[in-house]
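Have a look at the structure below, then the notes.
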Amino acid sequence: MDVEGLGALIALLCADGYTVIGPVVRDGTVVPTPVTSLSEMARGVVDHQGPGTYRLHADGDLLFGYAAAATGWKRYLFPAHRPLWRYDRNGSPTTAAQPIIRQALFGVRSCDLHALQVLDTVLAGRRYVDADYAARRAATFVVAVTCAHPAATCFCASMSTGPAPQDGFDLLITELVGERGHRFLVESGTPLGRAVLERLPAAPATPGDDADVATCVSASVATMERVVDTEGIRDLLYASANSPRWDDVAARCLSCTNCTLVCPTCFCFTTEDVVGLSGADGRDRMWDSCFNADHSLLHGGAVRRSTRARYRQWVTHKFGSWIDQFGVSGCVGCGRCIAWCPAGIDVTEELAAIRAAAEQTAEDAP
């Protein structure tokens with residue numbers, strides 16, 4: 001498929017009643033935003049990321065020349081703020097259900113696909129289902145993209161979550177540039193995706209296309225700068241509860257919650273009562289963070305009162321106890337927590353330091 005064919009895909013999804021959410025340049029970042037045409041989407045930009053650093057630069061004509069969007073897709077399935085119920089002036093409660101729209105997420109990277117699968121398990125795959133999330137998820141069409149240009153903060157290969165999507169998509173796009181020109185290989189992953197693909201202007205793929213995709217993926221893996229050794233990481237973190245490294249990182253951490261806000265798998269929330277003069281009183285749900293002191297508040301006070309305890313909880317849960325709870329890691333290697341930490345804390349560096357400290361302690365033991 002050529003660029004015009006990709007535009008036809010967006011037009012077709014819109015015509016079928018989907019609200020298309022695509023990557024758009026806004027305020028110097030690439031963020032998922034409703035679009036109606038290909039011209040509105042980010043194009044010809046690359047992202048330079050590092051600890052506490054995110055910058056966009058114009059470069060070439062690629063549509064997907066950047067890594068995963070700065071903010072993930074979670075907010076379109078698990079909104080940051082949602083009214084739960086309202087009551088009128090007579091005190092009669094009513095639900096505050098928001099309308100569920102058909103939406104197409106366009107440009108989802110493999111790390112974010114895995115994040116959606118994690119949220120599926122947490123919010124819709126257990127005994128108590130988040131009905132709002134489940135309804136939004138069922139109404140969502142997913143167009144994934146092979147990540148050919150990972151950022152310096154990415155480590156999805158270490159987490160076995162990328163860069164090539166394997167499942168969880170309706171359509172998968174791989175952008176290819178070379179002697180055969182600028183083109184897109186499109187694969188269907190579901191019957192619904194196949195039905196959409198058959199209505200688009202596209203030519204059959206060739207073995208050469210498959211070879212080009214394999215080369216693209218191999219090159220992507222080779223350019224990743226960060227690595228996490230996941231061997232025994234759960235037991236390592238459990239055994240390192242008193243590691244001095246937690247004090248070191250706590251001296252730098254601001255408890256600002258940025259890492260949890262951009263994390264595509266964090267699902268903590270709180271509820272607040274809304275009381276005002278408008279008469280629209282009730283209760284709302286909004287995202288929360290384990291870095292907030294009140295997050296662990298019980299009748300006797302906060303359980304995790306220090307920044308040290310809160311950072312340790314986040315890392316240990318994400319890479320360790322999450323496996324006990326849900327059977328998968330809570331990290332998908334997207335690297336957003338590294339780029340958006342104002343103190344430049346690098347979780348891959350912290351994990352490596354904790355492992356090194358544990359190995360040194362073992363060597364020093366009599």
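In this chain, numbering begins with 1 at the start of the sequence shown. What you see below is based on every heavy atom in this structure, not just the backbone, and it leaves out hydrogens, waters and symmetry mates. All of these numbers come straight from a predicted model, not from anything done at the bench.
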Asp346: partners by salt bridge (Lys or Arg N to Asp or Glu O under 4.0 Å), with sequence neighbours left out: Arg226
Modelled atom types, side-chain donor and acceptor of Thr257 and Ser289, under 3.5 Å: no
Arg136 bridged to Asp130 by N-O distance under 4.0 Å: no
Test salt bridge (Lys or Arg N to Asp or Glu O under 4.0 Å) applied to Arg234 - qualifying residues, sequence neighbours left out: Asp324
Arg252 CZ: over 12 foreign heavy atoms closer than 6.0 Å: yes
Salt bridge (Lys or Arg N to Asp or Glu O under 4.0 Å) between Asp247 and Arg312, intermediate numbers included: CA-CA 10 Å; Asp247 294 311; Arg312 181 181 63 185; over 6 Å; no
Atom of Arg285, atom of Asp132 and distance for their closest heavy-atom approach: NH2-OD2, 4.5 Å
Within 6.0 Å of CD in Glu231, more than 12 heavy atoms from elsewhere: no
Distance-only donor-acceptor check, side chains Glu40 and Thr36, under 3.5 Å: yes
Sequence neighbours excluded, every pair satisfying ring-ring contact (aromatic ring centres under 6.0 Å, His included) that has a member inside residues 44-74: His48-His57, Tyr54-Trp340
Arg180 atom CZ, neighbour heavy-atom count above 12 within 6.0 Å: yes
Distance-minimising heavy-atom pair for Phe169 and Glu187: CE1-O, 4.2 Å
Residues Thr19 and Gln103: side-chain donor-acceptor under 3.5 angstrom: no
Short N-O contact, Asp273 and Arg283, less than 4.0 angstrom: yes
